[in-house]
Structure formats: C-alpha cells, structure tokens
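The basis for the numbers below is simple: all heavy atoms, side chains too, and nothing from hydrogens, waters or symmetry mates. For ligands, and for the atoms within them, numbers begin at 1 and follow the listed sequence.
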Amino acid sequence: MKTFITLDNVKRRNIPENLQSDDNRYSESLVEHFLALYTKPGNIVLDMFVGLGTTLFVAEEMGRIPYGIEYDEARYKYVRSHLVNKENLTHGDSRKLSTFNLPEIDFSMTSPPYMMKEHAENPLTAYTQPGTYHRYLDELQAVFTQLKPMLKLDAYVVVEVSNLRGNGVTTLAWDVGRALSRVLRFEGEVVVGWRGEDEGEGTYGHDHSYCLVFTNSK
Ligand SMILES: C[S@@+](CC[C@H](N)C(=O)[O-])C[C@H]1O[C@@H](n2cnc3c(N)ncnc32)[C@H](O)[C@@H]1O
C-alpha cells in the first residue's frame, strides 16, 4: 500500500450557491485513487455520509454502483438530482444503517462529519442536538458495527479524517482510528498531502489529511 500521496485540492464539480457556505467535500481525485485500488467496474460502493456526493458521483463515472445515506435534506436533494442511480440514495440517519435495505457492499468510502473535543453539538444530528466527543465516537463506531455484516468478506473500507486545530488539537484521526479498529481490521493509514492547501480552513489547519484503511477480516 502506498502510504503517502499528494493530490491537488481541487473540486471539479460546481455546486449550487446555497450549499457553498459549507463545502466540506473531498476531491474527486481522492475517490478515484481508492476506487482504482480496491474496486472494479460493477462493484457496489457505499458512502454512509454522502455530503455533496463526491464518492457517489465518482463511483458512477467509473462504472461502479453507488449507494449512500445523507441526513441533510438540501444536500440529499442536490445529490439525488445529479445522480443516475437516484433510488440508491437515502435521505436518513446512518446511525440506523441496519434498517436500510442495502445490497452486499464491495467497498465503502466516507468522510464523517467532524467534531472538536470542546464542542457540545452532535455532528451526527447535523449539530442540532447536544452531544459529547465521547458519545460521538461511540455513535460513529456503532455505524461501522452495523456496516460490518453488510460488507463482502474481502471488502475494504476507507475513512477520510483529519486531526483538528482549535482550542489545542483534537486528535480526531487517531480517535476515529481507534474506535473503528474495534469493529474492523485496521490495515494502516494513507497520508494525503493536499497541494494548493495552505493550512486553510478546508483541512482544519493542516495541509494533509488521513485515509484510514480497514478490511472486513476481523
Ligand atoms: C464531511 S461531509 C461528507 C462530504 C463528502 N465526502 C463529499 O465529498 O461531499 C459529512 C456529511 O455527513 C452528513 N451526516 C451527518 N450526520 C449524518 C447521519 N447521522 N447520517 C447520514 N449523514 C449524516 C452531513 O450532513 C454531511 O453532509
């Protein structure tokens, strides 16, 4: 596994104005990298935190079959309107993943909503309900616990996450890695150096992020 890659921090797709203020997409090139590595045409690709749809759009472009869940209605509507496989996108809460009717998954790639340790709103409710950092990590782990039986035995799971500079540093990448390692087998991290990112907001004070790679062999 190549453990350090450098990519341009460029998003090719234009998004509507009402969604631009909270544009936390990863680049299409990141999804292309992992889809080329771990999937083949016709594979089922799942993103439990669809956001603005990068995983699903690139999967479709590369001849994979995308499935996804998104909590936020405006994002859901935007992604659905541009997806060919519209019926594969669910407007819902991934904390209830096991209740959705999904096929066997060949590969999953996602970036969950992030939380700083000092914050008090639960990102898994679009920050509308109170929450603690520990509860957030527990709930995130529970999503992947539900994912595990849906995965093919040889499936890979890639989770993009950063440590966060705020009031000190929230070691989100380490903490998510530890939490998900209780459920899936951790194969290692890929450090992604972002060209054109000058320690800006987009990468939470860093010019790199991590892709944590797991397999379903635990
Ligand atoms: C970091 S963004 C994902 C961005 C995405 N990778 C992209 O490139 O567009 C995380 C997304 O998860 C969604 N989300 C938050 N809680 C959720 C939940 N419980 N179930 C499903 N989606 C959720 C948020 O609304 C947000 O759009």
Margin query: Taking the basic N atoms (NZ, or NE/NH1/NH2) and the acidic carboxylate oxygens, is any pair closer than 4.0 Å for D175 and R178?
Written below: yes
Item checked: Heavy-atom gap M48 to ligand 1 smaller than 4.0 Å -> yes
Check: If you look at every heavy atom in N163 and A173, which pair is closest and at what distance?
Finding: OD1-N, 2.8 Å
Check: When rounded to the nearest 0.5 angstrom, what is the spacing between CZ in R80 and CG in N88?
Finding: 10.0 Å
Check: With atoms numbered from 1 as shown, which atoms in ligand 1 lie under 4.0 angstrom from a non-hydrogen atom of R25?
Finding: 7 (C), 8 (O), 9 (O)
Checklist line | Identity and separation of the nearest protein heavy atom to atom 19 (N) of ligand 1 | finding: D93 OD1, 2.8 Å
Checklist line | atom 7 (C) of ligand 1: nearest protein contact (heavy atom, Å) | finding: T54 OG1, 3.3 Å
Next item on the list: Please report which non-hydrogen protein atom sits nearest to atom 10 (C) of ligand 1, along with the residue it belongs to and the distance in Å to one decimal place.
Entry: S111 O, 3.5 Å
Check: What is the nearest protein non-hydrogen atom to atom 20 (N) of ligand 1, stated with its residue, atom name and distance?
Finding: S94 N, 2.8 Å
Notebook entry, point to check: Hey, is T55 touching ligand 1 through its side chain, its backbone, both or neither, going by heavy atoms under 4.0 Å?
Noted result: neither
Checklist line | Proximity of P112 to ligand 1 by residue part, where a heavy atom lies under 4.0 Å | finding: backbone
Note to self: Nearest 0.5 Å, please: how far is CG in N167 from CE in M116?
What the structure shows: 9.0 Å
Next item on the list: Kindly compute the distance separating CZ (R13) from CG (D23), expressed to the nearest 0.5 Å.
Entry: 12.5 Å
Checklist line | From E139 atom CD to M115 atom CE, the distance as rounded to the nearest 0.5 Å | finding: 10.0 Å
Next item on the list: With heavy atoms of G53 as the reference, note each atom of ligand 1 found under 4.0 Å away.
Entry: 9 (O)
Item checked: Atoms in ligand 1 flagged as close to D72, the criterion being non-hydrogen separation under 4.0 Å -> 25 (O)
Checklist line | Y156 ring center within less than 6.0 Å of F107 ring center | finding: no
Notebook entry, point to check: Parallel, tilted or perpendicular: which describes the rings of H82 and Y78, with under 30° parallel and over 60° perpendicular?
Noted result: tilted
Checklist line | Atom pair CZ/CG of R95 and L124 - distance to nearest 0.5 Å | finding: 5.5 Å
Next item on the list: Would you mind checking which non-hydrogen protein atom is closest to atom 25 (O) of ligand 1, with the distance to 0.1 Å?
Entry: E70 OE2, 2.6 Å
Check: Any idea which protein heavy atom is nearest atom 17 (C) of ligand 1, and the distance to it?
Finding: Y71 CB, 3.6 Å
Note to self: Return the closest protein heavy atom for atom 4 (C) of ligand 1 as residue, atom name and distance.
What the structure shows: N24 O, 3.7 Å
Item checked: Proximal ligand 1 atoms for V50, defined as those under 4.0 Å from one of its heavy atoms -> 5 (C), 7 (C), 9 (O)
Check: Is any side-chain heavy atom of P112 less than 4.5 Å from a side-chain heavy atom of V159?
Finding: yes
Notebook entry, point to check: Do M109 and Y26 come close enough that some side-chain heavy atom pair is under 4.5 Å?
Noted result: yes
Note to self: Taking distance alone, with N or O pairs closer than 3.5 Å, would you say L52 contacts ligand 1?
What the structure shows: yes
Next item on the list: Under 4.0 Å from a heavy atom of G92: give me the atoms of ligand 1 that qualify, with their elements.
Entry: 20 (N), 21 (C)
Check: Considering only heavy atoms of P123, which atoms of ligand 1 have at least one such atom less than 4.0 Å away?
Finding: 15 (C), 16 (N)
Check: Has T110 got any heavy atom lying under 4.0 angstrom from an atom of ligand 1?
Finding: no
Checklist line | Interatomic distance, W194 atom CH2 to T6 atom OG1 [nearest 0.5 angstrom] | finding: 10.0 Å
Checklist line | Heavy atom of the protein closest to atom 26 (C) of ligand 1 (residue, atom name, distance) | finding: R75 NH1, 3.2 Å
Next item on the list: Decide whether an N or O pair under 3.5 Å exists between D47 and ligand 1.
Entry: no
Notebook entry, point to check: Taking both backbone and side-chain atoms of P113, is any N or O found less than 3.5 Å from an N or O belonging to ligand 1?
Noted result: no
